[in-house]
A.B. asks: 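Sharing a structure here in C-alpha cells format.
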2 protein chains.
Amino acid sequence: MPFPQTEVPGRLQAELMSRGLRMTRQRRTILSVVETAKQHLDAAQILRHARKIDPQIDRVTVYRTLALLKRHGLIDELDLMHMQGEKHFYERRPQRDHIHMACLRCGKIMEFESDLFDRLKGQIQRDCQFHIVVTRLEVGGYCSRCRTAKPD
Amino acid sequence: MPFPQTEVPGRLQAELMSRGLRMTRQRRTILSVVETAKQHLDAAQILRHARKIDPQIDRVTVYRTLALLKRHGLIDELDLMHMQGEKHFYERRPQRDHIHMACLRCGKIMEFESDLFDRLKGQIQRDCQFHIVVTRLEVGGYCSRCRTAKPD
DNA sequence: TTTCCTCTTGCAACTGAGTGTCAACAGTGT
DNA sequence: ACACTGTTGACACTCAGTTGCAAGAGGAAA
Ligand SMILES: [Zn+2]
Ligand SMILES: [Zn+2]
Ligand SMILES: [Zn+2]
Ligand SMILES: [Zn+2]
C-alpha cells in the first residue's frame with residue numbers, strides 16, 4: 001500500500017545521478033532498500049535490510065544517505081505519532097501527498113489521499129503567502145475495527 | 001514554600017483535578033508554566049521556567065507531567081518539522097485545531113486555522129471510518145519574507 | 001489532627017537515535 | 001592509470017527521553 005506500483009525501480013538512483021552525485025555501492029544498496037520497501041521503515045530496519053545485500057554497510061552511512069535523500073526531497077520523514085518511540089520512518093516521496101492515520105490501539109498505519117488536502121495546501125500557500133516545500137499530516141485515533149472497544 | 005496556593009486554579013489544573021488526579025506542588029508549577037507560555041516550549045525550556053518558581057523540580061517530573069497531560073488530551077505535542085533537532089514542543093490543546101508552518105530559512109513558526117482543515121478531518125472520519133483523537137499538520141517551506149531568497 | 005494508603009517525586013543509571021571527527025577509501029573525469 | 005575530491009567506516013560522543021527504586025507527600029478517613 002505504501003507506494004504506487006507504477007513507479008519504475010531505480011528512479012531514486014537516476015534522480016541522484018542527474019543531480020551530479022556520486023553513486024557508490026552503499027548508496028545503490030540503500031536506495032534499493034528504500035525503493036522496494038513494502039512498509040514504512042526506520043533507519044535501523046533500513047540498515048538491517050541493506051546488510052542482507054552488503055554486510056559491510058555501516059549505520060552511519062544509512063543516516064547520511066537518508067539525510068541526503070531528504071535534503072533532495074526524494075523521501076519523506078514520518079513520525080507516525082511517536083507510537084513506536086522516537087524513531088523516524090521513511091518513504092519515497094509520492095507524486096501526491098497523502099495523510100497517515102495511526103490506530104492508537106492496534107498500531108495499524110493507513111494512508112489516505114484527499115482532494116480537500118490538496119485544496120488546503122493551496123489555501124495555505126495563497127492566504128499565508130507561504131511557499132510549501134514539505135507537509136506532514138498525521139492523525140492518531142481508532143480504526144474501524146478498534147473504535148468499538150476504545151480504552152479509557 | 002513560596003507558592004500561590006490560594007490562586008484560582010487554571011483550566012489545566014481544574015481539568016486534572018476533575019479527573020481525580022493528585023494536585024502536587026510540582027504539577028501546579030509545571031501546569032502554570034505550560035498555561036502561561038507565550039511560545040511553543042520544549043521539555044528543557046519548561047523545566048527551566050518551572051525551576052524559576054520551584055528550583056527543586058526534577059526534569060523527570062517534567063517528562064512525567066507532560067506525558068500525563070498528553071495522555072489526557074490536554075496538551076499537544078509538536079515536532080515543528082525537526083528544525084531544532086529531535087526535541088518535541090508542547091502547547092495547550094486549543095478549542096480548534098490549527099496548522100503549524102515552519103519557515104526553513106528563518107525558523108519562524110506560524111499558525112493557521114482553516115475551515116478546509118476541519119472539513120478534511122470530517123472527511124477522514126467519514127470515508128475511513130476512523131475515529132480521530134489527535135491530529136498534527138506541520139508544513140515546512142518559506143515564509144513571505146524569505147521566499148524571494150531561497151537557498152539551493 | 002493524626003493515621004494510613006497510595007500515588008508521586010528525585011535520583012542515578014540507563015537506553016537508543018542520531019551526530020562529529022578523521023584517516024582511509026573509492027567514484028568520476030581526464 | 002591518475003588525481004582530485006567526495007564518501008565511508010570506526011569510534012566516541014551527545015542528548016532527549018526512560019526505568020527502577022527508596023523516600024516523600026497528597027488526601028481521605030478516622
Ligand atoms: Zn506513507
Ligand atoms: Zn486499530
Ligand atoms: Zn519527531
Ligand atoms: Zn522565513
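Per chain, numbering begins at 1; letters A, B, ... match sequence-line order.
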A.B. asks: Report which part of the nucleic acid Ala43(A) touches: base, sugar-phosphate, or nothing (heavy-atom distance under 4.0 Å, all strands).
C.D. replies: sugar-phosphate

A.B. asks: Are Val60(A) and Val34(A) connected into the same hydrophobic cluster when the rule is that any two of I, L, V, M, F, W, Y join if their side-chain heavy atoms are below 4.5 Å apart?
C.D. replies: no

A.B. asks: Met23(A) has an atom CE; how far is it from atom P of dG27(C), in whole Å?
C.D. replies: 11 Å

A.B. asks: Whole-Å distance between dT28(C) C1' and Arg28(A) CZ?
C.D. replies: 12 Å

A.B. asks: Pair Leu66(B), His88(B) - check side-chain contact (heavy atoms from CB on, under 4.5 Å), show working.
C.D. replies: CA-CA 11 Å; Leu66(B) 290 173; His88(B) 295 142; over 6 Å; no

A.B. asks: Please tabulate the protein-to-nucleotide N/O contacts below 3.5 Å involving nucleotides 5-11 of chain C, giving atom names and distances.
C.D. replies:
unit_1, atom_1, unit_2, atom_2, d
dT6(C), O2, Arg22(B), NH1, 3.1
dT6(C), O2, Arg22(B), NH2, 2.9
dC7(C), O4', Arg22(B), NH1, 3.2
dC7(C), O4', Arg22(B), NH2, 3.1
dC7(C), O2, Arg22(B), NH1, 3.0
dT8(C), OP1, Arg27(B), NH1, 2.9
dT8(C), OP1, Arg27(B), NH2, 3.0
dT9(C), OP1, Thr24(B), OG1, 2.8
dT9(C), O3', Gln26(B), NE2, 2.7
dG10(C), OP1, Gln26(B), NE2, 3.2
dG10(C), OP1, Gln56(B), O, 3.4
dG10(C), OP2, Asp58(B), N, 3.3
dG10(C), OP2, Thr61(B), OG1, 2.5
dG10(C), N7, Arg64(B), NH2, 2.6
dG10(C), O6, Arg64(B), NH1, 3.3
dG10(C), O6, Arg64(B), NH2, 3.2

A.B. asks: Under the salt bridge (Lys or Arg N to Asp or Glu O under 4.0 Å) test, which residues partner Arg19(A), sequence neighbours left out?
C.D. replies: Glu15(A)

A.B. asks: Within this structure, what is the OH-to-C1' distance between Tyr63(A) and dT21(C), rounded to whole angstrom?
C.D. replies: 18 Å

A.B. asks: Whole-Å distance between dA17(C) P and Asp79(A) CG?
C.D. replies: 14 Å

A.B. asks: Would you kindly give the NE2-to-C1' distance between His82(B) and dG18(C), to the nearest whole Å?
C.D. replies: 12 Å

A.B. asks: What residues, two or more places apart in sequence or in another chain, satisfy salt bridge (Lys or Arg N to Asp or Glu O under 4.0 Å) together with Glu91(B)?
C.D. replies: none

A.B. asks: Tell me every residue that passes salt bridge (Lys or Arg N to Asp or Glu O under 4.0 Å) with Asp118(A), counting only those two or more places apart in sequence or in another chain.
C.D. replies: Arg96(A)

A.B. asks: With sequence neighbours excluded, tell me which residues meet side-chain hydrogen bond (donor to acceptor under 3.5 Å, both in side chains) with Gln123(B).
C.D. replies: Ser114(A)

A.B. asks: In the hydrophobic clustering that connects Ile, Leu, Val, Met, Phe, Trp and Tyr at side-chain heavy-atom distances below 4.5 Å, which members other than Leu78(B) occupy its cluster, ordered by chain and number?
C.D. replies: Leu80(B), Phe89(B), Ile109(B)

A.B. asks: How far does the helix from dT1(C)-dA30(D) to dT30(C)-dA1(D) bend, going by the axes of its first and last five pairs, to the nearest 10°?
C.D. replies: 40°

A.B. asks: How close or far is atom P of dT19(C) from atom CD of Gln84(B), stated in whole angstroms?
C.D. replies: 15 Å

A.B. asks: Taking atom C1' of dG18(C) as reference, at what distance in whole Å does atom NE2 of His88(A) sit?
C.D. replies: 10 Å

A.B. asks: On DNA chain D, which is the earliest and which the latest nucleotide, 5' to 3', with an atom closer than 4.0 Å to a heavy atom of chain A?
C.D. replies: dT5(D) to dA12(D)

A.B. asks: Who pairs with Glu111(B) by salt bridge (Lys or Arg N to Asp or Glu O under 4.0 Å), at least two apart in sequence or on another chain?
C.D. replies: none

A.B. asks: Quick one: side-chain hydrogen bond (donor to acceptor under 3.5 Å, both in side chains) partners of Arg119(A), sequence neighbours excluded?
C.D. replies: none

A.B. asks: Residues sharing Tyr63(A)'s hydrophobic cluster, by side-chain heavy-atom contacts under 4.5 Å among ILVMFWY, directly or via others?
C.D. replies: none

A.B. asks: Rounding to a whole Å, what distance do you find between Phe89(A):CZ and dA17(C):C1'?
C.D. replies: 12 Å

A.B. asks: For a quick test of your reading: what N or O donor-acceptor pairs under 3.5 Å do the side chains of residues 43-56 of chain B make, sequence neighbours left out?
C.D. replies:
unit_1, atom_1, unit_2, atom_2, d
Gln45(B), OE1, Asp42(B), N, 2.9
Arg51(B), NE, Ile57(B), O, 2.9
Arg51(B), NH2, Ile57(B), O, 3.0
Asp54(B), OD1, Arg25(B), NH1, 3.3
Asp54(B), OD1, Gln56(B), N, 3.1
Asp54(B), OD2, Arg25(B), NH1, 2.3

